[in-house]
2 protein chains.
Amino acid sequence: MELDERKTTILQAIIKNYLETGEPVGSRTISKYTDLNLSSATIRNEMADLEELGYIVQPHTSAGRIPSDKGYRFYVDTMMSEHEKEVEQLKDVLLEKEEKLDHMLKQAAKLMAVNTNYATMVTAPRSKRNTLKFLQLSRMDESHLLAVIVIEGNLIKNTVIEVTESLDDETMLKLNILLNTHLNGLSVEEISLGTIASLKGQAGMYGPIIAEVIDAVAETIKEDEDLEIYTSGTNNIFKYPELSDNQKASDLINAFEEKQLLTQLIDENSEEGSNEIKVYIGEESPIQTMKDCSIVTANYEFGDGMRGMIGIIGPKRMDYDKVVGTIKTIKSQLDTMYKKDN
Amino acid sequence: MELDERKTTILQAIIKNYLETGEPVGSRTISKYTDLNLSSATIRNEMADLEELGYIVQPHTSAGRIPSDKGYRFYVDTMMSEHEKEVEQLKDVLLEKEEKLDHMLKQAAKLMAVNTNYATMVTAPRSKRNTLKFLQLSRMDESHLLAVIVIEGNLIKNTVIEVTESLDDETMLKLNILLNTHLNGLSVEEISLGTIASLKGQAGMYGPIIAEVIDAVAETIKEDEDLEIYTSGTNNIFKYPELSDNQKASDLINAFEEKQLLTQLIDENSEEGSNEIKVYIGEESPIQTMKDCSIVTANYEFGDGMRGMIGIIGPKRMDYDKVVGTIKTIKSQLDTMYKKDN
DNA sequence: GTTAGCACTCTTTTGAGTTGAGTGCTAACA
DNA sequence: TGTTAGCACTCAACTCAAAAGAGTGCTAAC
């Protein structure tokens, strides 16, 4: 038995209706809802077939049908993309203000949440290859030096270093030249103990300062590696009764707060098939606590091999069209952003 | 009628019991619970008095009593401070690692959440008087300058500025001297249009760069003013049935995510009576959506007139002793932190 | 192939009855 | 005068059965 056109229409109608109401859909509803002009009895026959095929399930014998994961999957794969229209509005909002990256990503997460009424996440872009691009040591006041560390991809960090005595301009210059000539372009793996020892030797009495700077560099690069994640719309979870019973809601909120859990999603997503939009339905989700949810994710590129992820998490009956549209828009905005931002 | 000693004891017993169980407390329970050796009937009489005095209320005629806001208030004001013991453990954890400020505050919020099982918040320290302490312009690569801006209190921001042509070392030096001599120590209000015009004039063809730098300075100072807030333990809300019905939980989670709402708390708290620990019970809360909660807050000093806030939000029947103890500990840790951190 | 109709199933709602915790009040006691 | 025992009363919470309602599967007829 295969899915003929009529079955497809009915399946589509069931899913659409269920997306709207969240209630199991009965045969009579479909009989009136579609323009097939079939009686509820006929629909019942078809629904029995669809159930046998695994596209829909019955929560209990005398209830209507709801889509199974397979049903959603079919819907997502074949029936989507209608209303990419209202998404247009999003485009400008993000561009409106050239914010700091930090703010921009927060903004992106929020924008998606407001637009879709689901929970959303955005990870900061990060690069596989973290090398030192630029390093500057300056005198801030008598007893403090400021080390500015720029990582490939323009991630910038500052560290304040305490010194016991003030350094003169010439020393500062020498230290800067020393550091830059030896360290530029190196990744944390490439900065060997040998390099460090040699640098310290050349710095003479300023060896301890050099050591501190190098520590800071290592820490900065490492820090970049443990990921920043921005989330928004967490409390949208409460809008969907099937997610808002206490245990589930608590688990979900927890996953969003303990952002660590979300990294499973990122790992899953960062490697292959990198440029497409992925849809995880129910049990397909890499995150166990989200098996009652659907997750839509995409990667964005930020130039220089930097990439981040955006994702929307909602109930299985989420509005896939809209979510995919939103993700697409935000993705393309972020994709083009770095060109004007670096 | 006044609160005599016996009434106080009974009130204390009622509150203690209610804190533990979360259920209304009956006269028989108290009769057995305390060592007063009074029958439940006597207790009932006293409880009727306490209710008349407004310290306890009855959810409905045939239920036990629960503390009113006034009752909690009395409890907090008079009966607290017993077990500051177990709090000791916290002290070391924070000191364990000298993290970046950012990480440290996150850590502080989390620590409090884990320790108390309530929701917590920590704001980044900020200063009333935001003046420019140090400004450095450096050449990052051919087409990009890096401006490092240090605000009084060692808040550091970086901005990348795009330039069409590479600048030579001498120009860089001149610009740096120009900027520092004219801007150092000024607040954003003090940098007048006159100052800016004069600077631009002196910079000649590099006027546009100066303008961009000044913009960045203004933005940095302003950005410092819209506050960063770290939260943790949000999902602890679900542990307290009286807060975890859908509407309340949703509102609370929302308040924590839309950190903006929390600023009401900060405004309330930043001005006067600055150095004490404040306890808001129920309706006393400055945040409307938290009127079913209690909030405990304190300010911490970060040197240079910088100050931030820490707070714990939980059900009205929170363990006030423990919460106040935890807040005290974290506060004192943060108070002493800046000395070794700047 | 489609439909009407009916018996059947199962959830949800409703309401009555029961239980149990707790109170207020009164009368008696010390 | 303060304390207590006892009793009638209240009310939320629980249980249980009945009724309602939504929806199905199946059969027979069109």
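Side chains included, hydrogens not; waters and symmetry mates left out as well; all remaining heavy atoms used. Here is how names work: the chains are called A, B, and so on, in the same order as the sequence lines, proteins then strands, and each is numbered from 1.
- Closest to the side chain of B/A48, out of C/dG24, D/dA5, C/dT3, is C/dG24.
- Per the geometry, CD1 belonging to A/I30 stands 15 Å off C1' belonging to D/dT24, to the nearest Å.
- Take B/E242 and apply the salt bridge (charged side-chain N to carboxylate O under 4.0 Å, His left out) test, not counting sequence neighbours, and it matches B/R317.
- For B/T123 (side chain) and B/M309 (main-chain N/O), a donor-acceptor pair under 3.5 Å exists by modelled atom type.
- One atom, CD of A/E52, and another, P of D/dT24, lie 16 Å apart when rounded to the nearest Å.
- Residue A/S39 places at least one side-chain N or O closer than 4.0 Å to OP1 or OP2 of C/dT3.
- A/V57 meets the side-chain contact (heavy atoms from CB on, under 4.5 Å) test with A/I66, A/S68; sequence neighbours excluded.
- Listed by chain and number, the residues in a side-chain contact (heavy atoms from CB on, under 4.5 Å) with A/A41 are A/S39, A/R44 (sequence neighbours excluded).
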Extract from the structure each pairing of a protein N or O with an N or O of nucleotides 6-9 of chain D at less than 3.5 Å, listing the distance.
from	atom 1	to	atom 2	distance (Å)
D/dG6	O6	B/R44	NH2	3.1

What side-chain donor-acceptor pairs closer than 3.5 Å can you find for residues 288-295 of chain B, not counting sequence neighbours?
from	atom 1	to	atom 2	distance (Å)
B/S294	OG	B/Y320	OH	2.7

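- Side chain of B/S285 to backbone of B/G282: no donor-acceptor contact under 3.5 angstrom is found.
- Between A/N45 and A/P24, the residue anchored nearer the 5' end of DNA chain D, judged by the nucleotide with its closest heavy atom, is A/P24.
- OP1 or OP2 of C/dT2 sits under 4.0 Å from a side-chain N or O of A/R6.
- The ring-ring contact (aromatic ring centres under 6.0 Å, His included) check on A/Y230 picks up nothing, with sequence neighbours excluded.
- Residues of residues 56-65 of chain A having a heavy atom closer than 4.0 Å to DNA chain C, listed by number: A/H60, A/T61, A/S62.
- Taking atom CD1 of residue B/I43 and atom C1' of nucleotide C/dA21, one finds them 17 Å apart after rounding to whole Å.
- For A/T29, the side-chain hydrogen bond (donor to acceptor under 3.5 Å, both in side chains) criterion is met by no residue, not counting sequence neighbours.
- Regarding B/L38, its CG atom lies at a distance of 19 Å from the P atom of D/dT1, rounded to whole Å.
- Judged as a side-chain contact (heavy atoms from CB on, under 4.5 Å), and not counting sequence neighbours, A/D35 has no contacts.
- The distance between atom CG of A/L50 and atom P of D/dG25, rounded to the nearest whole Å, is 12 Å.
- In this view, A/D4 and A/R6, A/K7 satisfy the side-chain contact (heavy atoms from CB on, under 4.5 Å) rule, not counting sequence neighbours.
- Rounded to an integer number of Å, the gap from CG of B/D49 to C1' of C/dT23 is 14 Å.
- For A/M47 and C/dT3, the CE to P distance is 15 Å, given to the nearest whole Å.
- B/S244 meets the side-chain hydrogen bond (donor to acceptor under 3.5 Å, both in side chains) test with A/N246; sequence neighbours excluded.
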- Each base of DNA chain D marked ( ) or [ ] if paired in-strand (Watson-Crick or G-U under 3.5 Å), | if paired to another strand and . if unpaired gives ||||||||||||||||||||||||||||||
